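Worksheet for the structure shown next.
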Amino acid sequence: QQPLVLAIALALAAGGLAGCKRDAPAQGPAAAVADVPVEDATARAARLTTLYAEYWEALLKLNPIQATFQGDARYNDQLPDFGSAEYREQVRAFNERWLKAVEAIGKDGLQGQDLLSYEIFVTERRNALDAERFPGWMMPVNQMGSIVSYAVLLGSGTNAQPFATVADYDAWLARAARIPVLLDTEIANMRAGIEANVVQPRVVMEKVLPQFDAILVEDPEKSPFWAPVTQFPDGIAEADRTRLTTAFRTLITDQLNPAIKRQRDFIANDYMPHARDSVGLDALPDGMAWYAFSAKQQTTSDLTPEAIHQIGLDEVARIHEEIRQVMAETKFEGSLQDFFRFMQTDRRFVFRSEDALLAHYRGIEQKIEARVPELFSLTPRAGFEIRPVEAFRAESAAGGSYMSPSEDGKRPGIFYVNTFDLPTRKRWEAEDLFLHEAIPGHHFQLALQQELTDLPAFRRFGGETAYIEGWGLYAESLGKELGLYTDPYDYFGRLQGELWRAVRLVVDTGLHSKGWTRQQVLDYMFENSSVSEPDAIAEAERYIAWPGQALAYKIGELKIQELRKRSEAELGTAFDIRQFHAEVLKDGALPLPLLDAKINAWIEGRKGRVDDQPITTAPAGVES
């Protein structure tokens with residue numbers, strides 16, 4: 001599923017605040033712009049490179065969570081009040097200042113990566129300013145993410161926040177002590193939302209309360225925040241262990257639990273009576289424009305919600321025909337809906353245990369690794385692990401997700417597999433899910449992007465959802481070429497995965513621009529796909545909580561498929577799949593129009609070169 005870098009997700013949950021600067025130097029980033037000769041493209045590119053580096057340092061200082069997930073420990077003790085009015089004003093000023101600085105230098109004469117970086121940077125800053133029209137900060141909590149849920153992930157001792165030294169433990173104690181401030185700000189912002197009629201749907205907030213209740217336990221030693229105390233590294237002295245144990249007990253008992261309970265009770269007693277029965281963004285003030293903006297942002301296209309809805313309907317019909325071919329191959333007698341029910345209920349597709357499920361995924365990894373060199377010349381250096389989703393969030397989590405490795409390589413890329421309600425985790429979906437979330441999907445793309453050390457940091461650690469998720473869905477189509485989908489039921493899993501993303505185009509636009517109800521969405525899912533009831537409910541409510549995000553997958557995948565077909569048709573015998581994949585991946589995540597233009601230029605540069613050999617060298621930071 002969506003592989004949002006969790007640091008970015010946290011900032012978005014707090015009001016779209018990724019990419020900000022605190023305590024900017026008085027002269028601002030534009031101070032040296034006048035020194036650049038207008039006619040000197042080389043100097044212009046050099047100054048832009050310097051500005052991008054200054055920008056990223058400023059971003060990490062103001063958004064220290066981003067730094068932590070990146071593996072930069074300098075700010076591990078800090079946690080700004082993301083939702084405060086002061087911080088949001090800093091965001092606005094930050095975006096205006098950096099946009100002005102970069103545009104003052106301009107793009108005349110820039111080529112290659114320099115031009116790509118300029119266009120991406122300017123587009124992102126403009127979009128950030130345009131987004132201020134819509135008050136997402138008034139709805140900071142939903143079942144997909146909140147300060148509370150992210151705090152548990154950070155404080156669990158198994159995620160990005162390190163707990164290897166005494167300094168690490170003290171850094172978390174300082175950071176966690178700030179959490180009550182952020183929660184009180186969110187309460188104030190939600191009160192402002194009530195006054196402005198900008199509130200969450202009741203159905204998503206009902207799922208938040210059990211999440212909070214699972215965290216709020218009387219015995220601090222049973223709290224998820226206690227875990228680091230049970231896992232002291234060997235090098236920590238007994239005196240420090242005693243001091244830190246006492247400090248963690250105080251943190252949980254006197255600070256975190258009271259603050260979480262305060263927000264939990266506010267939601268239950270004050271917010272829920274004002275939560276809305278409607279589920280679409282179009283029901284809010286300026287909601288239609290808000291959703292159209294979100295659709296444009298998520299797809300990096302000018303497609304309207306109406307056009308996206310129709311694309312979804314067309315894709316659903318096409319994939320249904322492919323599924324009917326699988327039905328014929330397996331000699332299944334009955335309707336499409338009968339086949340969907342069979343795929344969900346037949347016991348042959350059920351894992352016996354969590355261990356059996358995880359072992360099956362590790363077997364898929366071994367199969368794919370043996371065939372990767374046939375399709376890829378670029379692979380990441382970063383390690384990779386398969387882990388089950390943590391119990392506290394499993395009920396509301398997607399079937400699978402991916403977390404990028406840290407920049408320093410100490411934390412590997414992680415493919416989280418959801419083992420909650422084990423009978424619903426089908427064997428036939430495993431190959432498809434692994435290809436998307438792990439190899440060659442998100443792990444290849446996101447880990448490789450971090451290793452492109454010649455690119456500005458905002459490109460290495462940022463990204464476009466349509467590209468990222470488009471690549472993940474495209475990776476699912478490579479299964480047969482990688483030795484998978486040899487069983488027709490496993491191939492059905494691939495078609496079901498693609499169908500699911502096509503269904504998303506229909507139901508997300510239905511929810512947020514056509515007045516569809518939650519039940520209409522569920523009915524459409526059950527009628528048109530093989531989906532379990534828990535997955536259908538979790539997905540429907542995810543679309544309600546994240547308007548437009550689910551559009552990115554299929555729109556991005558269709559673009560990459562289009563570019564591959566175009567390359568194959570125009571290059572003929574000069575086409576090499578390893579070269580194509582390298583070209584798509586080597587510059588990191590791009591807006592789809594820039595990806596299209598880049599592949600067109602690549603095609604033109606390769607025409608007629610039938611004697612070309614596959615790429616044998618890789619960009620800096622990437623292994624061939």
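The structure displayed is predicted, hence computed values, not measured ones.
Between Tyr553 and Trp500, the distance from one ring center to the other does not fall under 6.0 angstrom. Here Tyr416 and Tyr402 keep their ring centres 6.0 angstrom or further from each other. A centroid separation of less than 6.0 Å is found between the aromatic rings of Tyr169 and Phe163.
A salt bridge links Asp170 to Arg243: one of the charged nitrogens lies within less than 4.0 Å of a carboxylate oxygen. A salt bridge does not link Arg460 with Glu451: none of the charged nitrogens is closer than 4.0 Å to a carboxylate oxygen. Salt-bridge annotation for Glu539 and Arg542: present, with a side-chain N of the basic residue lying under 4.0 Å from a carboxylate O of the acidic one. Between Glu132 and Arg92 there is no salt bridge, since none of the side-chain N atoms of the basic residue sits less than 4.0 Å from a carboxylate O of the acidic one. Taking 4.0 Å as the cut-off between side-chain N and carboxylate O, Asp421 and Arg425 do not count as a salt-bridged pair. Between Arg501 and Glu476, at least one side-chain nitrogen of the basic residue sits less than 4.0 Å from a carboxylate oxygen of the acidic one, meeting the salt-bridge criterion.
When atom types are taken as modelled, the side chain of Thr253 and the backbone of Arg249 share a donor-acceptor pair closer than 3.5 angstrom. Remark: side-chain polar atoms of Glu186 are not paired, donor with acceptor, to backbone N or O of Gly83 under 3.5 angstrom.
A donor-acceptor contact closer than 3.5 angstrom links the side chains of Arg125 and Tyr55.
Note that the CG atom of Asn257 and the CZ atom of Phe225 stand 8.0 Å from one another [nearest 0.5 Å]. One finds the CG atom of Leu182 at 5.0 Å from the CD1 atom of Ile147 (value rounded to the nearest 0.5 Å). With values rounded to the nearest 0.5 angstrom, Phe94 atom CZ is found 10.5 Å from Leu129 atom CG.
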